[in-house]
Amino acid sequence: MRDSQQAADLLTWYDRHARVLPWRVSPSDLRSGVVPDPYRVWLSEIMLQQTTVAAVKKYYERFTYLWPTVGDLAAAGDADVMGEWAGLGYYARARNLLKCARVVVHDYDGRFPDTCKELLKLPGIGPYTASAISSIAFDQAETVVDGNVERVISRLFNIRTPLPASKPEITKIAQTFTPSARPGDYAQAIMDLGATICTPKSPTCGICPWRSPCQAHDLGTQAELPLKTRKAPKPTRLGIAYVARRSDGAWLLERRPDKGLLGGMLAWPNSEWNEAPVDSPPLDAEWCLLSAEARHTFTHFHLELKIKLANISVESEPERGTFVPPEEFAPSQLPSVMQKVFNLARDAFDDWS
DNA sequence: AAATCGTGGAT
DNA sequence: TATCCAAGATT
């Protein structure tokens, strides 16, 4: 079809400008016969969901160092994986990552399926990720539609229907461009194009391989596309976090339930987060309120956390949570909001003693 | 099917 | 400071 020339133009651009990424097999290596590792493609795609390349790099290196194969990851402990994911956000991804690894090992003999249909059955793999794995790891002609593709296609066709309503139309158009040859490189090329040239603000149309067919560039509307429906303003919630240090140096921590915010993560015991939180310490003690608060913004609300400290004797029994000895505790295992709390609490304990 | 689910960098 | 946004999935 006519669109094959556009795909070819993009692949030519990609051959020269493909970014070097830890999880990527370069076009030249691919031609030399290097075969992508589906485990690493899958791992990188899960980490990259709603997350920047810069933020993912260290985590990807660490995970592949600790768990080089899907079998290694499947055999890992839940707490170890959650602790290594800490700071990356969207923690359901980490829970589903482990679930998926174990399903692949036990139900698929340790080999990822190669079709979208089968991949979509696995936990944590949705339409985008299934297409990405199928095309990049298995050379199947599937179409990826991520935020980059939404933006590129919206501009190419000057689509003025706001997202997400325009997504079906965008998907349909994107499918007509996907080539049967080198679909994996094409998928990565169109995402690279969106990430490096067809950027959200100030796109560099002057060097774009798709400038000539681009309707938005023709009309000068590229900077205002894609249109998006307004998001609701974020309310502010209040809460109290309790940091207890036992005389032997152990810290009182709590494993959050698998469902909901920060699910499955280690955390300081805390009150509910709402308009008027109730003081609910995890054990009876002389709690000292810090003057400093931890402020943090989540996806859909702001949080202002008061912090209470207590020194605890070794014979006391908490009503909830577990004392973790200092040699087993690293603040890097905590989600970012809880790391903020720890940093403020540690400074206060240091002043205290 | 609208809400939920993190974080940090850029503007 | 406020808002946007980044290789979305789940319920």
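Letters A, B, ... mirror the listed sequences (proteins, then strands); counts begin at 1. A quick note: this is a predicted structure, and the numbers were derived from the prediction, not measured.
- The base of C:dA7 sits within donor-acceptor range of the side chain of A:Arg19, with an N or O pair under 3.5 Å.
- The number of heavy-atom neighbours closer than 6.0 Å to NZ of A:Lys234, taken from other residues, nucleotides and ligands shown, is above 12.
- OP1 or OP2 of B:dC5 has not a single side-chain nitrogen or oxygen of A:Arg95 nearer than 4.0 Å.
- Residue-level contact check: A:Leu97 touches neither bases nor backbone, having no heavy atom under 4.0 Å from any strand.
- Heavy atoms of A:Ser44 sit nowhere under 4.0 angstrom from any nucleic acid atom.
- Checked by atom type and distance alone, the side chain of A:Arg155 never pairs as donor or acceptor with a backbone atom of A:His217 at under 3.5 Å.
- Both A:Ile125 and A:Thr52 sit near DNA chain C, but only A:Thr52 has its closest nucleotide nearer the 5' end.
- Counting non-hydrogen atoms under 4.0 angstrom, A:Arg151 reaches the backbone sugars and phosphates but no base.
- In this structure, A:Leu43 atom CG and C:dA7 atom P are separated by 18 Å, rounded to whole Å.
- The nucleotide whose nearest atom lies closest to any side-chain atom of A:Lys231 is, among B:dT7, C:dA7, C:dC5, C:dC5.
- We find that CD1 of A:Ile133 is positioned 13 Å from C1' of C:dA9, with the value rounded to whole Å.
- Taking every side-chain heavy atom of A:Pro335 into account, B:dT7 is the closest of B:dT7, C:dA7, C:dA6.
- Residue contacts for A:Trp23: at a heavy-atom cut-off of 4.0 Å it reaches a base atom on one of the strands shown.
- Backbone-only engagement by A:Gly87 is indicated by non-hydrogen atom pairs under 4.0 Å involving sugar-phosphate atoms exclusively.
- In this structure, A:Leu262 reaches the sugar-phosphate backbone alone: every heavy-atom distance under 4.0 Å involves primed, P, OP1 or OP2 atoms, never a base.
- Nucleotides B:dG6 and C:dT11 place their P atoms 14 Å apart, quoted to the nearest Å.
- Enclosure of atom CD in A:Glu286 is not indicated, since only 12 or fewer non-hydrogen atoms of other residues, nucleotides or ligands lie within 6.0 angstrom.
- Each of A:Val53 and A:Gly124 was assigned the nucleotide of DNA chain C with the nearest heavy atom; the assignment lying further toward the 5' end belongs to A:Val53.
- Going from the P atom of B:dA2 to that of C:dA7 covers 24 Å, rounded to whole Å.
- Checking C:dA7, C:dG8, C:dT10 against the side-chain heavy atoms of A:Asn96 singles out C:dT10 as nearest.
- The side chain of A:Lys228 lies closest to C:dC5, out of B:dG6, C:dC5, C:dA7.
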> Checking salt bridge (charged side-chain N to carboxylate O under 4.0 Å, His left out) for the pair A:Arg160/A:Glu224: CA distance, chi angles, key distance, verdict?
Replying inline: CA-CA 9 Å; A:Arg160 301 198 65 86; A:Glu224 62 194 69; 2.8 Å; yes
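- The side chain of A:Ser336 places an N or O atom within less than 4.0 Å of a non-bridging phosphate oxygen (OP1 or OP2) of B:dG8.
- The environment of A:Glu272 atom CD is sparse: at most 12 non-hydrogen atoms of other residues, nucleotides or ligands sit within 6.0 angstrom.
- When the P atom of B:dG6 is taken as reference, atom OH of A:Tyr59 falls 13 Å away, rounded to whole Å.
- In this structure, the NZ atom of A:Lys58 is 8 Å from the P atom of B:dG9, given to the nearest Å.
- If you check C:dA6, B:dT7, C:dG8 against the side chain of A:Gln49, the one that comes closest is C:dG8.
- Evaluation of atom-type donor-acceptor distances gives a pair under 3.5 Å for the side chain of A:Thr299 against the base of B:dG6.
- Computed from coordinates, the A:Ile46 CD1 to C:dA6 C1' distance equals 15 Å when rounded to whole Å.
- Residues A:Val314 and A:Leu253 do not share a hydrophobic cluster, defined by chaining ILVMFWY side chains whose heavy atoms lie under 4.5 Å apart.
- The side chain of A:Ala195 has C:dA7 as its nearest neighbour among C:dA7, C:dA9, B:dG6.
- A close approach under 4.0 Å does not occur between any side-chain nitrogen or oxygen of A:Gln50 and OP1 or OP2 of C:dA6.
- Distances shorter than 4.0 Å separate none of the side-chain N or O atoms of A:His296 from OP1 or OP2 on B:dG6.
- Contact annotation: A:Arg230 reaches the phosphate of C:dC4 (side-chain N/O to OP1 or OP2, under 4.0 Å).
- Rounded to an integer number of Å, the gap from CG of A:Leu48 to P of C:dC5 is 19 Å.
- With hydrogens and angles ignored, a donor-acceptor pair closer than 3.5 Å exists between the side chain of A:Tyr90 and the base of B:dG6.
- The separation between A:Lys259 atom NZ and C:dT10 atom C1' is 9 Å, rounded to whole Å.
- A straight line from CG of A:Leu120 to P of C:dG8 spans 16 Å, rounded to a whole angstrom.
- When the shell of 6.0 Å around CD of A:Glu275 is examined, it contains 12 or fewer heavy atoms from other residues, nucleotides or ligands.
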